[in-house]
Every structure is written in structure tokens, then in C-alpha cells.
Amino acid sequence: MKKILFCFVAVLFTLAANAQDKYADIKFDATSFDFGKFYSDAGKQTHTFTFTNTGNMPLIINQAVTSCGCTVSTYTKEPVAPGKTGKVNVTYNGLGKFPGAFKKTITLRTNARTPLVRLYVEGDMQERK
């Protein structure tokens, strides 16, 4: 009876260990971007962040929340297979905003080991004189 109980416990530990080894993980080339100085009449400023799924399960971005209505993001909607890359495009529209320095945050909610990732865009919008 002790041998059966021992085998049962060993199988449970093995299953639990294998379950913990399956995860998605997200790694960005960079998590911030500086547009530098630009003029307000230059139009929208756009940057693409590239990421890789470094886990062993498909990675899914569930949501991207921006810190302000002047910043919009689009992202890879389909699951990203392990070892493959995806993109998050961020557009800043300063039309009608006060000139000066800004820093905006894009918060991604994913199924990765670390489920929240923050990206940052910043710059200095100048008024043309």
C-alpha cells in the first residue's frame, strides 16, 4: 500500500512540475521610444515596438490601454507562437495639444508569465514660429 501511495504522489509531483513549465513570455527589443523634438504641424508620430515570445506556449495580447486619448495603439491580435515575433504600433497625435515635453504609457495585458507590460513613448512637441 505504501508503494502505491508513493507512486501516486510521485506522479502528482511530476504532473505539477510539467504544468509549471508551460508558459508564454514576452520580450521586447525596447520598451521605450523617444520621438525627440518635432513640430506640432508635422502630423502624427508613430513607432513600432517589436516583441518575441520567449516562452513555450502561444502568447496572446488581450488588451492595450493608453494613458491618454492622444495616443493610440494597435497590436498583433492572433496568438504569437513560441519563438515568433509580433508588433505593437503606437501613434501620438499632438493636434490641439499644448506644446512641450510629454511621456505616454501603453499598458499591455497578456497571458505571459508577467501579465502586465508597460511601453513608453515620449517627445518634445514644439510650436512652429
Side-chain angles (χ1 to χ4, degrees):
M1 186 67 171
K2 288 183 182 181
K3 287 182 183 181
I4 293 173
L5 182 61
F6 176 76
C7 288
F8 180 72
V9 171
V11 168
L12 284 178
F13 278 119
T14 303
L15 289 174
N18 285 340
Q20 292 174 354
D21 290 340
K22 296 183 185 286
Y23 60 90
D25 211 358
I26 191 167
K27 181 175 185 330
F28 278 89
D29 295 342
T31 56
S32 63
F33 181 77
D34 189 347
F35 291 114
K37 288 186 179 183
F38 61 93
Y39 291 109
S40 56
D41 61 357
K44 298 175 182 177
Q45 303 296 306
T46 302
H47 178 71
T48 300
F49 291 96
T50 304
F51 65 87
T52 303
N53 177 1
T54 58
N56 53 24
M57 295 291 292
L59 173 73
I60 300 168
I61 297 177
N62 299 311
Q63 184 181 37
V65 179
T66 58
S67 61
C68 148
C70 58
T71 308
V72 177
S73 67
T74 58
Y75 53 89
T76 302
K77 301 286 187 191
E78 57 276 346
V80 177
K84 300 297 181 184
T85 61
K87 298 181 183 206
V88 177
N89 297 311
V90 178
T91 302
Y92 174 77
N93 184 0
L95 186 64
K97 303 294 180 198
F98 288 107
F102 65 89
K103 185 170 187 174
K104 304 299 176 184
T105 305
I106 303 89
T107 303
L108 302 176
R109 296 181 191 279
T110 72
N111 70 329
R113 183 183 289 187
T114 305
L116 290 179
V117 178
R118 287 194 173 82
L119 304 174
Y120 303 94
V121 292
E122 61 185 302
D124 188 4
M125 186 174 70
Q126 300 293 308
E127 194 170 342
R128 196 176 298 271
K129 297 183 181 186

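In this text the structure is predicted, and so the values were computed from the model without any measurement. Here, residue 1 is the first one in the sequence, and each next residue gets the next number.
Here the straight-line distance linking atom NZ of Lys97 with atom CD of Glu127 works out to 15.0 Å at 0.5 Å rounding. We find the CD-CG distance between Gln45 and Asn93 to be 9.5 Å, quoted to the nearest 0.5 Å. The line from CD of Glu78 to OG1 of Thr76 is 6.0 Å long, rounded to the nearest 0.5 Å.
Through direct or indirect side-chain contacts shorter than 4.5 Å among Ile, Leu, Val, Met, Phe, Trp and Tyr, Phe51 is connected to Ile26, Phe28, Phe33, Phe35, Phe38, Phe49, Leu59, Ile61, Tyr75, Val80, Val88, Val90, Tyr92, Phe102, Ile106, Leu108, Val117, Leu119, Val121, Met125. Residue Val65 belongs to no hydrophobic cluster, having no ILVMFWY side-chain heavy atom closer than 4.5 Å to its own.
Contact between Thr105 and Arg118 at its shortest, heavy atoms only, is CG2-CD, 3.9 Å. The shortest heavy-atom contact between Pro58 and Pro82 is N-CD, 4.2 Å. Taking all atoms of both residues into account, the shortest heavy-atom contact from Ser73 to Ala64 is OG-CB, 3.4 Å. The minimum heavy-atom distance linking Arg113 with Asp25 is given by the pair CB-OD1, 4.0 Å.
For the side chain to side chain donor-acceptor pair (under 3.5 Å) test, residues two or more places apart in sequence or in another chain that qualify with Thr48 are Asn89. Every residue two or more places apart in sequence or in another chain that forms a side chain to side chain donor-acceptor pair (under 3.5 Å) with Asp41 is listed here: Arg128.
Other residues, nucleotides and ligands contribute over 12 non-hydrogen atoms within 6.0 Å of the CG atom of Leu116.
Sorted pairs that involve residues 26-37 and meet side chain to side chain donor-acceptor pair (under 3.5 Å), not counting sequence neighbours, are lacking altogether. Under the side chain to side chain donor-acceptor pair (under 3.5 Å) criterion, the residue pairs touching residues 49-72 are Gln63-Arg109, with sequence neighbours excluded.
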